[in-house]
Amino acid sequence: MTEVIKVDPVNPEAEKIRKAADLVKKGEIVAFPTETVYGLGGDAYNAEAARKVFQAKNRPMDNPLIVHIADHEQLLDVAKEIPDKVMEITQIVWPGPLTFILKKTDSIPKETTGGLDTVAVRMPAHPVALMLIRESGVPIAAPSANTATKPSPTTAEHVKQDMDGRIPMIVDGGETFFGVESTIINMTVSPPALLRPGPFTLEELEKLLGEIYVPPQLKGIGEFDKALAPGMKYKHYAPSKKMVMVEDNSIFLDAVKMISSKRKIAVLCSKEVEVKVPPQIPRIVLGSEENLYEIARNLFSAFRKLDTLDVEMGVIQSFPEKGIGMAIMNRARKACGFSSIRNLKEAEQYAL
Ligand code: TXA
Ligand code: MG
């Protein structure tokens, strides 16, 4: 049985958080909200807790976890040879949705880092996550709280769908704020390399760090042949239904009409586009194009919703690849398994 404990996300009740922290201290794992998505984690110093995380998620052991800290001094316990620049900017950006890859200390077991000698670290901007880490007295190693291959959970209900009976506790702090996972930047290379776009935008990062290497795989289309980060080689965030992205929004409606004449589809689109979608086609509205943060927040629940509809596939529109739009496009392309439609000729192939 998985116990679900509802907490106030802004002023979490200490006695409830302590129950979760007691589990962490005992080497157990718990799910908890962060400002990005729900995490599933345990004591970052405990190899056995890391193993439990991999097992509950069905996650390959070589896909490392993110170590969550609650105080700046804690960084020195988990990472070493930290560049001065990182010491400086963590004072500005943390707590927040930015994860740094750094050299790990001996306190962090290889199980947590998937055998690597580097560690991913962030300080989440969520009162529940911060209180849980402080009450546990240790950093918490946690990936997203979904089953591997499922989209990351943005509500406790999503976590329950994937983890019921597999973990002792879910701390329910309501819907998460950003809805996409943190930005990951590798600071062990020069120039620093972006490994995953997220809510902390590339534009903001460039202001703080100067030149940043952005692997072409993170933008354009086409499957990677070489994984950027250990986790990136696995199919992530994917609904079980087939999805395809229409790269050029000016042909979106024509492509949708063409494909829907042959197949049962649902569209995933903005509310601006939704009003033009033929009424018989099921649709999942992601939010307004005026507010990409809203689109990001609804993206993963839209993927989960698609799986519940009686359709063969989902067709998603594209969004500007700027700001948080880069994270939206990156997650949407992964969910599509990199299938995309650039013109009506390509759309025809989906209408066979
Ligand atoms: O917002 C987030 O980042 C959420 C919340 C819970 O903090 N966490 C999360 O973790 O989404 P997840 O499931 O994406 O797993 C951690 C990611 C993987 O893609 C992994 O490859 C990468 O971080 N990662 C961890 N350690 C790494 C390392 N040493 N080098 C390169 N990538 C690493
Ligand atoms: Mg994940």
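Indexing begins at 1, ligand by ligand and atom by atom, following the structure's order.
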Check: [X] N/O within less than 3.5 Å of ligand 1 N/O:
{"X": "Arg196", "answer": "yes"}
{"X": "Ser182", "answer": "yes"}
{"X": "Asn63", "answer": "yes"}
{"X": "Glu181", "answer": "no"}

Selected option - heavy-atom contact closest to atom 9 (C) of ligand 1, from Ala120, Pro97, Ala142, Ser144: Ser144

Options Asn186, Val67, Ile184, ranked by nearest heavy atom to atom 22 (C) of ligand 1, top entry: Ile184

Please confirm whether [X] comes under 4.0 Å of ligand 1, counting heavy atoms of the residue only.
{"X": "His68", "value": "yes"}
{"X": "Glu35", "value": "no"}
{"X": "Leu116", "value": "yes"}
{"X": "Val180", "value": "no"}

Plane angle bin for Phe32 and His68 - parallel if under 30°, tilted between 30 and 60°, otherwise perpendicular: perpendicular

Aromatic plane relationship, His72 with Trp94 - under 30° parallel, 30 to 60° tilted, over 60° perpendicular: tilted

Heavy atoms from other residues, nucleotides or ligands near NZ of Lys271 exceed 12 (cutoff 6.0 Å): no

More than 12 heavy atoms from other groups under 6.0 Å of CD on Gln55: no

Residue Ser144, metal the Mg ion (ligand 2), N/O/S under 2.8 Å: yes

Stepwise side chain to side chain contact (heavy atoms under 4.5 Å, CB included) test for Glu111 and Glu48: CA-CA 8 Å; Glu111 282 77 1; Glu48 194 49 45; over 6 Å; no

Non-hydrogen atoms of Asp310 and Lys264 that approach each other most closely: OD2-NZ, 2.8 Å

Shortest non-hydrogen contact between Ser152 and Glu181, atoms and distance: OG-OE2, 2.5 Å

Within the 4.0 Å heavy-atom shell around [X], which atoms of ligand 1 are there?
{"X": "Thr118", "result": "28 (C), 29 (N), 30 (N)"}
{"X": "Leu65", "result": "25 (C), 26 (N)"}
{"X": "Thr36", "result": "1 (O), 2 (C), 4 (C), 5 (C)"}
{"X": "Val37", "result": "4 (C)"}
{"X": "Gly39", "result": "6 (C)"}

Leu75 with Leu208, same ILVMFWY side-chain cluster at under 4.5 Å: yes

same_hphob_cluster(Leu292, Val246) at 4.5 Å side-chain heavy-atom cutoff: no

Lys103 side-chain N/O to Asp117 backbone N/O, donor-acceptor pair under 3.5 Å: no

Under 3.5 Å donor-acceptor, Lys25 side chain and Ser136 backbone: no

Can you tell me which portion of [X] lies within the under-4.0 Å heavy-atom range of ligand 1? Options are side chain, backbone, both, or neither.
{"X": "Met123", "answer": "neither"}
{"X": "Ile101", "answer": "side chain"}
{"X": "Arg122", "answer": "side chain"}

Side-chain ion pair, Glu312 and Lys262, N-O less than 4.0 Å: no

